[in-house]
Number of protein chains: 2
Amino acid sequence: MASIRPDFQQPAEVRQNLSAADWARAALETMAAGGMEAVAVEPLARRLGVTKGSFYWHFANREALLRAALELWEKRETEDVLARIGDEPDPYHRIVKVFREANAGYRSGRLYLAIAAAEDKPLVREFVQRVSERRMRYLVECYRALGFDEARAAHWARFAYATFMGNLQIRRDTPELMPTGAAFNEYLKLMIKTLIPREGTDKSAETGSHPHVVPMHRGGG
Amino acid sequence: MASIRPDFQQPAEVRQNLSAADWARAALETMAAGGMEAVAVEPLARRLGVTKGSFYWHFANREALLRAALELWEKRETEDVLARIGDEPDPYHRIVKVFREANAGYRSGRLYLAIAAAEDKPLVREFVQRVSERRMRYLVECYRALGFDEARAAHWARFAYATFMGNLQIRRDTPELMPTGAAFNEYLKLMIKTLIPREGTDKSAETGSHPHVVPMHRGGG
DNA sequence: AGGCCTCAATACGCATCCGTATGGTTCGCC
DNA sequence: GGCGAACCATACGGATGCGTATTGAGGCCT
């Protein structure tokens with residue numbers, strides 16, 4: 001909360017002073033809506049009901065604001081998202097959860113696309129690289145826990161990551177091409193079934209005998 | 001060619017007058033490099049060695065330039081790319097070719113990402129939608145030719161499209177996460193093998209008995 | 001030669017944004 | 001009750017970009 005016109009956040013002191021975190025939050029929201037270029041000081045100040053005089057007290061310049069917003073993004077991206085799935089013991093369900101999360105949590109994905117679109121700025125590359133590497137490593141470890149060796153786990157993790165990155169892109173650019181309702185569940189099931197094979201210990205992927213359509217060893221019930 | 005400083009294009013008349021197409025080409029290149037926001041009139045004029053006075057003779061405003069650039073993009077995207085794969089008779093190899101093309105032709109994909117990043121402009125949505133729908137329809141028809149019914153073909157086509165869209169994204173944002181050399185070929189083979197199953201007429205995908213690793217009915221060879 | 005068309009240079013007004021300088025207001029504190 | 005820090009408003013200069021107007025230089029046609 002406390003994004004636009006924070007008339008309610010501090011105690012009822014009527015005085016609604018802004019903090020640097022408020023600016024960073026607003027900047028992140030603006031980034032999700034209109035990209036990095038949309039994060040301008042003066043429009044943001046208008047949106048927050050103040051003027052530039054406030055901003056340049058909290059931040060040295062626009063660059064510092066962008067850095068703060070990206071740090072907030074990285075923090076949310078790792079703490080919130082991954083920590084919320086981290087308590088799932090079964091690696092199969094971990095991947096499934098990541099997938100459902102990635103397709104349901106549209107806001108988060110939209111934000112990634114908005115940030116990554118400014119990959120020419122080295123500041124952005126730095127953060128995108130860290131976030132992506134962390135996600136990827138998480139997926140690789142899931143596949144490793146399924147019995148894949150390092151090389152194959154890396155390939156399958158990248159495969160899966162690419163797939164739901166592309167789904168995000170499709171959903172944002174051409175939502176008409178995305179199915180809805182029951183058809184979407186079919187689509188999701190197809191991807192999950194295909195991207196989580198059950199032959200981790202096996203070398204060749206040609207003998208897909210396990211159905212693995214439904215949850216299997218839901219041990220911690 | 002004939003992009004920066006077109007001193008060679010018209011007959012050797014020494015007079016190097018620019019045309020609207022020259023501006024559109026330059027705009028498209030700028031878009032690929034720096035996004036839509038980078039397509040500004042005055043920098044573009046400087047790049048072309050002229051001033052704004054020239055631009056506003058050829059175009060009514062900046063919007064018209066963007067439209068011309070997007071039309072050029074759509075034209076190239078359909079004529080060049082798809083028509084170059086269209087003479088492949090086997091649907092299996094058509095998909096494979098699309099895949100290899102999508103991963104090799106990095107420039108084209110980068111351009112798509114740059115354009116699609118400005119999805120808030122209705123002008124852009126219009127073009128992106130047409131291009132995406134055309135690509136998708138092409139893939140759906142490939143899967144239909146492999147024996148899939150309409151619903152399953154749509155799912156697999158979307159799946160495949162999402163995957164190489166995501167690969168593009170990964171390659172642009174975090175190229176370190178992409179394998180090179182032999183590992184890349186393994187990765188590619190894994191995706192192709194997985195995304196082109198061989199049970200089009202079959203209802204359930206659980207009995208994957210066909211290897212489908214190598215080309216199979218290479219009829220016209 | 002004169003006139004028209006094409007293409008481009010120059011100059012201007014307007015808007016937006018960055019960053020700085022400076023002053024004003026509110027609060028806590030001695 | 002004065003002091004200083006936190007916070008913000010106002011005003012300015014510089015930069016950049018859009019769009020318009022005006023003028024001008026060549027080519028082409030008659």
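Just so we're on the same page: letters track the sequence lines, and every chain starts at 1. Side chains included, hydrogens not; waters and symmetry mates left out as well; all remaining heavy atoms used. Just so we're clear, the structure is a prediction, and the values are computed from it rather than from any experiment.
A/Glu37 pairs by the salt bridge (charged side-chain N to carboxylate O under 4.0 Å, His left out) definition with nothing, not counting sequence neighbours. Residues passing the salt bridge (charged side-chain N to carboxylate O under 4.0 Å, His left out) test with B/Arg130, sequence neighbours excluded: B/Glu74, B/Glu126. In this structure, the side chain to side chain contact (heavy atoms under 4.5 Å, CB included) partners of A/Glu186, at least two apart in sequence or on a different chain, are B/His155.
Phosphate contact (OP1/OP2 of D/dC8, side-chain N/O of A/His58, threshold under 4.0 Å): present.
Atom CH2 in A/Trp57 sits about 13 Å away from atom C1' in C/dT26, given to the nearest Å. For the pair B/Leu44 CG and D/dT16 C1', the interatomic distance rounds to 15 Å; values are reported in whole Å. Rounded to whole angstrom, the span from the CD atom of A/Glu37 across to the C1' atom of D/dT16 amounts to 13 Å. Here D/dC8 presents its P atom at 12 Å from CZ of A/Phe59, a figure rounded to the nearest Å.
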A correct 5'-to-3' footprint of nucleotides 17-24 of chain D, with B, S and - meaning base, sugar-phosphate only and no protein heavy atom under 4.0 Å, is BBBB----
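In this structure, A/Glu77 pairs ionically with A/Arg135, as a charged nitrogen and a carboxylate oxygen lie closer than 4.0 Å.
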Distance-only check: which donor-acceptor pairs under 3.5 Å involve side-chain atoms of residues 112-123 of chain B, not counting sequence neighbours?
from, atom 1, to, atom 2, distance (Å)
B/Tyr112, OH, A/Asp173, OD2, 3.1
B/Tyr112, OH, B/Ser132, OG, 3.4
B/Glu119, OE2, A/Arg110, NH1, 2.9
B/Glu119, OE2, A/Arg110, NH2, 3.0

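Closest to the B/Val50 side chain, of the nucleotides C/dC7, D/dC7, C/dA8, is C/dA8.
For residues 50-60 of chain B, the set of pairs meeting the side-chain hydrogen bond (donor to acceptor under 3.5 Å, both in side chains) definition, not counting sequence neighbours, comprises B/Glu42-B/Lys52.
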